[in-house]
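Only one structure is covered here, and it is reproduced in the block below.
All values below were derived from every heavy atom in this structure, side-chain atoms included, with hydrogens, water molecules and symmetry-related copies excluded. Note that this is a predicted model, so its numbers are computed, not measured. Below, read A as the first sequence line, B as the second, and so on, with proteins coming before strands; counting in each chain starts at 1.
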Amino acid sequence: MVPEAQRIFTGLSLYFFPNSDANKVRKRRIEKAKEYGAVWTKVWSNNVTHVIVDNKMTYQEVTKFLKLDTLPPEIIVVNETYLFDCISYHNLLDPKARYYEVPGMPTSSTVVEVAKLLPSELSSLNSSLPLKPAKNDIQILDTPSASVESGDVHQGQNDPAQDNLLSPANGTPNEPENISFGYNDELSAIMKESQSLKHIPVDLEDEDDTASLANSESDSDDDSKGNPSTKPKKSWQENFQCMDKHDGANTDANPNSETIEILQQMSEFYDRIRDQWRTLAYRKAIASLKKQSQRVIFQEDAVKLPFVGHRIAAKIEEIALTRGLRRLDNAKLDPHDQVLQMFMKIYGVGISQASQWVQQGYRTLKDLEKSAKLSTNQKIGIAHYDDLQLRIPRAEVEHHGAVVRDALRQMDPEFQVTVGGSYRRGALSSGDVDLIITRPGADARSLNISAIGTLVPKLESAGFLVAALAKTSKDTGSKWHGCSKLPTSDVWRRIDLLLVPWDEMGAALIYFTGNDIFNRSIRLLASKKGMRLNQRGLFKDVMRGPGRVKVTDGILLEGRNEKRIFEILGVPWRPPEHRIC
DNA sequence: ATGAATGACCG
DNA sequence: CGGTCA
DNA sequence: TCAT
């Protein structure tokens with residue numbers, strides 16, 4: 001219970017609709033309201049002062065249920081957002097504000113400016129966390145109540161009382177054994193060997209939880225293969241079938257998408273100011289949050305998620321509670337940060353260079369072109385700045401791959417070209433085209449000769465490759481970065497040619513398929529097991545001398561076969577589409 | 001208090 | 001080698 | 001910023 005002085009709901013009698021605490025989220029909401037002094041009225045009566053309507057419900061459903069034509073005018077009807085906002089502003093807000101309107105409500109909507117109620121403490125959010133403006137505000141204004149809350153439909157889902165969001169549906173919370181879900185004994189045994197693995201891999205581990213949760217219910221929106229069988233010994237792919245293929249496409253489906261979006265921006269912000277670890281921390285927290293099927297609002301819930309500590313948990317709560325008012329932030333945004341962001345999107349420009357330019361007074365791309373000292377690549381990056389920001393539709397990625405494949409096959413039909421990167425993870429669009437090139441039996445040198453020596457010049461004269469940004473110098477070098485364009489289009493695309501010796505194909509596929517968080521996780525797992533995974537293979541017995549200097553490369557365990565690498569690591573195979581964190 | 005992935009390219 | 005990128 |  002909060003201190004008496006803060007009990008802003010004292011004297012209120014709340015009637016919820018639906019008026020039960022069977023739903024977990026609503027239950028939480030009710031508890032919270034009580035903490036702030038409200039009384040929960042379980043039976044409809046004259047005493048009711050407020051009706052709190054679930055976001056998915058309409059006014060008509062309320063009246064129909066209560067068998068009334070309209071509710072008495074003195075009774076305040078608001079949606080569920082109202083309570084949160086009141087709590088966050090330590091004030092009873094104007095219930096007529098449009099954010100709190102219940103669909104179908106007869107009254108004329110009066111837009112009330114809630115701005116003046118913003119307590120000073122909240123403005124600290126703005127200064128400490130520069131966020132991108134506009135974009136979000138629009139979304140939020142449009143859909144004040146759009147958060148997809150799993151209502152009673154999912155009731156069965158997280159039944160085990162009010163305990164934490166992560167506890168497996170079947171087990172005791174905090175049970176260390178959560179690793180053994182649904183995997184065969186061999187794998188379980190390997191996983192168990194090291195308790196410390198419990199927290200490591202963002203995905204390897206948490207998804208086990210998620211998977212088993214989803215497994216014990218039929219969790220709705222899956223599109224593909226098979227139906228949910230609860231048989232634990234079924235192939236482990238079943239465990240993942242409920243996973244989204246998020247990749248920028250359907251983030252709106254997530255009940256926490258608004259929060260995630262903001263956290264994402266914070267992560268990007270820290271990235272910009274070169275705080276690599278905070279950036280990473282945020283990304284891991286986001287990955288965690290993405291896996292929640294329920295809206296996470298309060299700190300105490302958020303902190304239970306892996307990789308969400310008290311600082312981020314507090315921010316999650318703040319974001320969840322104050323959304324819809326963020327339009328007030330618009331004005332303030334460090335203009336330097338804007339420029340920085342623009343410069344950093346130039347190919348060949350990182351935070352360091354961008355900061356220097358800003359420092360030196362450059363403010364536009366034209367400024368740079370006119371008087372800054374630019375590397376060759378930066379010139380290309382600026383000249384084709386707009387093109388290179390564009391996402392590449394999946395079909396076009398495919399097309400670029402096909403051009404290269406055809407050219408190679410003309411040289412030798414044995415060549416294999418795999419489109420990697422986000423494309424391989426199933427993304428509908430990509431930032432660049434990653435092509436993994438190999439040939440049975442080929443080593444680095446022979447690939448280099450044919451690709452760099454023959455293929456590239458050939459494609460250049462064909463007008464397909466239009467710029468070389470980075471090519472490997474050594475004759476065993478394995479990559480070529482540049483730009484390409486289809487004959488049918490004038491848009492330049494970033495393309496990477498990755499030359500992979502036949503024996504390293506498996507490791508390379510993992511590496512070039514990502515995503516990066518997934519790669520980190522799996523590599524970390526490897527190192528915890530005394531192995532080392534890089535783009536060339538999985539090794540054991542890596543010796544390191546003083547100062548972390550590598551003495552031995554270690555003994556190659558596997559490089560050629562992607563699945564084997566997973567196997568040796570004791571990680572259940574997951575197809576590329578499921579390597580998104 | 002401390003570590004947090006790794007390798008390659010560029011200049 | 002440090003900075004940057006993937 | 002998180003986890004150890």
Side-chain donor-acceptor pair under 3.5 Å between A/Ser267 and A/Arg283, yes or no?
-> no
Between the side chains of A/Tyr362 and A/Gln356, is a donor N or O closer than 3.5 angstrom to an acceptor N or O?
-> no
Measure [atom1]/[X] against [atom2]/[N] and give the value in whole Å, please.
X	N	atom1	atom2	answer
A/Arg311	D/dT1	CZ	P	4 Å
A/Tyr511	B/dA5	OH	P	13 Å
A/Gln353	B/dC10	CD	P	16 Å
A/Leu263	D/dC2	CG	C1'	14 Å
A/Arg283	C/dA6	CZ	C1'	12 Å
A/Trp277	B/dT2	CH2	C1'	11 Å
A/His481	B/dC10	NE2	C1'	13 Å
A/Asn448	B/dC9	CG	P	10 Å

For A/Ser375 and A/Leu533, take the nucleotide of DNA chain B holding the closest heavy atom to each; which residue's nucleotide lies nearer the 5' end?
-> A/Leu533
Over all strands shown, is [X] touching base, sugar-phosphate only, or nothing at heavy-atom distances under 4.0 angstrom?
X	value
A/Arg278	base
A/Phe512	nothing
A/Gly514	nothing

If we take the P atom in both B/dT6 and D/dC2, what is their distance in whole Å?
-> 23 Å
Interatomic distance at P, B/dA4 relative to C/dA6, whole Å = 24 Å
Where does DNA chain D form stems of at least three consecutive Watson-Crick or G-U wobble pairs, each pair having both distances below 3.5 Å?
-> B:1-4 with D:1-4
Does any nucleotide pair with C/dG2 by Watson-Crick or G-U wobble geometry, both distances under 3.5 Å, and what is it?
-> B/dC10
Using residues 452-460 of chain A as the side-chain source, report each donor-acceptor pair under 3.5 Å to any protein atom, sequence neighbours left out, with the distance given to one decimal.
from     : atom 1 : to       : atom 2 : distance (Å)
A/Lys458 : NZ     : A/Ala407 : O      : 3.2

Which of the following nucleotides, [options], is nearest to the side chain of [X]?
X	options	result
A/Ile312	B/dC9, D/dT1, B/dG11	D/dT1
A/Arg536	B/dA8, B/dG11, D/dT1	B/dA8
A/Arg494	C/dA6, B/dG7, B/dC9	C/dA6

Would you please confirm or rule out a distance under 4.0 Å between OP1 or OP2 of D/dT1 and any side-chain N or O of A/Lys315?
-> yes
Identify whether a stacking contact exists between A/Phe307 and D/dA3, where the ring centres must be under 5.5 Å apart and the planes under 30° apart.
-> no
Ion pair A/Glu369/A/Lys366, N-O distance below 4.0 Å = no
Taking salt bridge (charged side-chain N to carboxylate O under 4.0 Å, His left out) as the definition, give me every residue that meets it alongside [X], ordered by chain and number, with sequence neighbours left out.
X	value
A/Arg494	A/Asp496
A/Glu300	A/Arg28, A/Lys32
A/Glu504	A/Arg536

With sequence neighbours excluded, what pairs up with A/Arg363 under the side chain to side chain donor-acceptor pair (under 3.5 Å) test?
-> A/His336
